[in-house]
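Treat the numbers as computed from the prediction; the structure is a model and nothing was measured. In each ligand, atom 1 is the first atom listed, and ligand 1 is the first ligand listed. Positions are given from 1 along the sequence.
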Amino acid sequence: MSGPPELRIGIVGYGMMGKAHSYGYRVAPMLRPLPVTPVAALISGRSGPGVAAAAAAYGIGEHTTDWRALVARDDIDVVDICTPPGTHAEIAQAAAAAGKAILCEKPLALTYPEAAAALAAAERAGVHHAVGFNYRRLPAVALMRRMVADGAVGEVRLWRATWLSDEFTDPGTPYDWRFDRQMGGTTIADLGSHLIDMALWMAGEIRAVCAQSATFIAERPLPGGPGGPAGPGGVAGGGRAVTVDDASSALLRFGSGALGTMEVARAAVRRPCDFTVEVNGSRGTLVFDYARLNELRYGSAGDDPGLYGMRRIRAEHPSHPYAASWWPLGQGVGYGASFGNQVADLLEGWPEAPWSPGFGQGAAVQAVCDAMEASAAQGRWVAVSEVTEARRPAR
Ligand SMILES: NC(=O)c1ccc[n+]([C@@H]2O[C@H](COP(=O)([O-])OP(=O)(O)OC[C@H]3O[C@@H](n4cnc5c(N)ncnc54)[C@H](O)[C@@H]3O)[C@@H](O)[C@H]2O)c1
C-alpha cells in the first residue's frame with residue numbers, strides 16, 4: 001500500500017531538541033492527513049558514538065558527524081536545526097544555499113543582524129523557513145491567542161509573563177553552551193525568546209524595553225570534574241567564567257500603547273519550567289499557566305457578578321485549536337504534542353503554503369532580545385528600532 005510521498009528530513013543536533021523533533025515527525029501523520037510523509041532520514045552531531053546511539057534510539061536510519069555533508073545531500077528535502085543558537089545562522093544560510101526547506105530551533109540566531117542575514121538568505125533562495133516556537137502549538141496557548149484576536153478580553157492593555165526554572169541554581173552544574181554568550185546561551189535568548197514570540201503574536205509589536213540582568217554564579221566547573229578538558233575561557237581553579245545572565249526582567253511598551261512585563265530566570269529554586277502568560281484587556285482577563293497546560297483561566301466584565309472570578313476552560317473541546325486531532329475530552333496533551341502539531345502545521349499545505357512563524361518572526365524576536373541586552377547593559381530604555389535600524393548591533 002503506498003501512502004503520500006516521503007519528505008526527507010536531516011536533523012542537525014541530537015540532544016533534547018533532536019529527540020523532540022524526531023518525535024514530532026513520527027506523530028504528525030497520525031494527527032491529520034498530510035500531502036507528504038515526513039521521514040527523519042539522517043541526523044548529525046559532533047560525537048560519533050553519541051549520534052549513532054541517538055539515531056538508533058530515535059529510529060533514524062543514517063547518521064553523520066558532519067552537518068555540511070547532511071546539508072549537501074541531494075536526498076534531503078528539509079534541514080532541521082537543533083544545535084545551540086550560536087551555530088544556527090551559519091547552518092541556516094548553508095541550507096538555504098543548498099535549496100533546502102529549513103526548520104530552525106529558537107532563537108533564530110545570536111544577534112539581530114545574524115537573524116536578518118538568515119532571513120535574507122532564505123528569501124533569496126525561495127525556500128520554506130520556520131522557527132521552532134513550539135509553545136504556540138499547545139492547544140491552550142493557541143486558544144488564548146484566538147480568544148484575544150476574537151476580542152474576548154477587549155482591547156489588550158496589560159501583557160505579563162514569567163518563566164522560572166531552577167536549571168542554574170546548583171553551582172556544581174558543569175559548564176556547557178548554555179553558560180556561553182557566544183553560543184547564544186543567555187536566559188533572555190533561551191526562555192525570553194519564547195515569551196517574546198508569544199507577546200508579539202498576541203499583543204503586537206513591542207516598541208521599547210527597559211531591562212535588567214544578573215549573573216549570580218560567575219564560574220562553572222568544567223565537564224568531567226577537575227580533570228576535565230580546559231580550553232579557551234578556562235579560569236583558575238579549573239572552572240570557566242559564565243558569560244550569560246542567570247535572570248533578567250523587563251518592562252515592555254507595545255506599539256498599541258499596551259504595557260508589558262516579563263521575567264525570565266534559571267535561578268529560581270524548585271521551579272522546573274514554570275511559565276505563565278496573562279493578558280488583561282478592557283473587558284476581560286486570560287491566564288495560561290504551563291503547570292496546567294490544558295487549561296486557561298478566563299474572566300469577562302460581562303459575566304454574572306454573582307459568579308465573580310475566573311472560570312477554568314479545558315482547552316480540549318473539539319472546537320478548540322488542535323484538540324480534535326488528539327484524545328477525547330479529559331485526556332489532555334503534554335509538551336510533546338506541540339512538536340507533532342508543529343510538523344502537521346508546517347506540512348499540511350506543502351509545498352505551496354509558506355511556513356509560519358518564519359524567519360521574519362525569528363528576526364523580530366531577536367530584535368527585542370537584543371534591545372533587552374542593550375538596555376540591561378546601558379541602564380536605559382531602548383527602542384527596538386535602535387536595533388533594527390542600526391548598522392551594527394546595539395549591544
Ligand atoms: N523549543 C523548545 O522547547 C526548546 C527546548 C530546549 C532547547 N531548545 C533550543 O534547541 C536548540 C538545541 O538545544 P538542546 O537543548 O537540544 O541542546 P543539547 O545540548 O541537548 O544538544 C545540542 C546538540 O547540538 C550539537 N552541537 C553542535 N555544535 C555544538 C556546540 N558548539 N556546542 C554544543 N553542542 C553542539 C551537540 O552535539 C548536540 O547534538 C537550542 O537552540 C535551544 O535554544 C528549544
Check for me whether [X] has a heavy atom closer than 4.0 Å to any atom of ligand 1.
| X | answer |
| --- | --- |
| Tyr135 | yes |
| Tyr335 | yes |
| Lys19 | no |

May I ask you to decide if the ring planes of [X] and [Y] are parallel, tilted or perpendicular, using 30° and 60° as cut-offs?
| X | Y | value |
| --- | --- | --- |
| Phe288 | Phe275 | tilted |
| His194 | Phe133 | perpendicular |
| Tyr135 | Tyr290 | perpendicular |

At a 4.0 Å threshold, what atoms of ligand 1 neighbour a non-hydrogen atom of [X]?
| X | answer |
| --- | --- |
| Gly132 | 1 (N) |
| Met183 | 31 (N) |
| His88 | 41 (O) |
| Pro85 | 40 (C), 41 (O) |
| Asn134 | 1 (N), 2 (C), 3 (O) |

With heavy atoms under 4.0 Å as the rule, classify the contact between [X] and ligand 1 as side chain, backbone, both or neither.
| X | answer |
| --- | --- |
| Cys82 | backbone |
| Glu105 | side chain |
| His194 | side chain |
| Arg178 | side chain |
| Tyr14 | both |

For [atom], grab the closest protein heavy atom and report residue, atom and distance to one decimal in Å.
| atom | value |
| --- | --- |
| atom 25 (C) of ligand 1 | Thr83 CG2, 3.9 Å |
| atom 21 (O) of ligand 1 | Gly15 CA, 3.4 Å |
| atom 13 (O) of ligand 1 | Trp177 CZ2, 3.6 Å |
| atom 20 (O) of ligand 1 | Met16 N, 3.1 Å |
| atom 6 (C) of ligand 1 | Met17 CE, 3.7 Å |

### Message
Within this structure, what is the CZ-NE2 distance for the pair Arg314 and His320, rounded to the nearest 0.5 Å?
### Response
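Result: 11.5 Å between the selected atoms.
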#### Entry: Sole candidate of Leu164, Thr162, Thr187 that passes side chain to side chain contact (heavy atoms under 4.5 Å, CB included) when paired with Val264
Thr187
#### Entry: Donor-acceptor pair between His21 and Glu105 side chains, under 3.5 angstrom
yes
### Query
Is it true that the side chains of Gln212 and Ser249 contain a donor and an acceptor less than 3.5 Å apart?
yes
Keeping the roles fixed (side chain from [X], backbone from [Y]), state whether a donor-acceptor pair exists under 3.5 Å.
| X | Y | value |
| --- | --- | --- |
| Thr243 | Phe179 | yes |
| His88 | Thr83 | yes |
| Tyr58 | Tyr14 | yes |
| Asp289 | Ala291 | yes |

### Option nearest atom 35 (C) of ligand 1 (shortest heavy-atom distance, choices Arg46, Gln182, Lys106)
Arg46
### Atom CZ of Arg73: over 12 foreign heavy atoms under 6.0 Å
yes
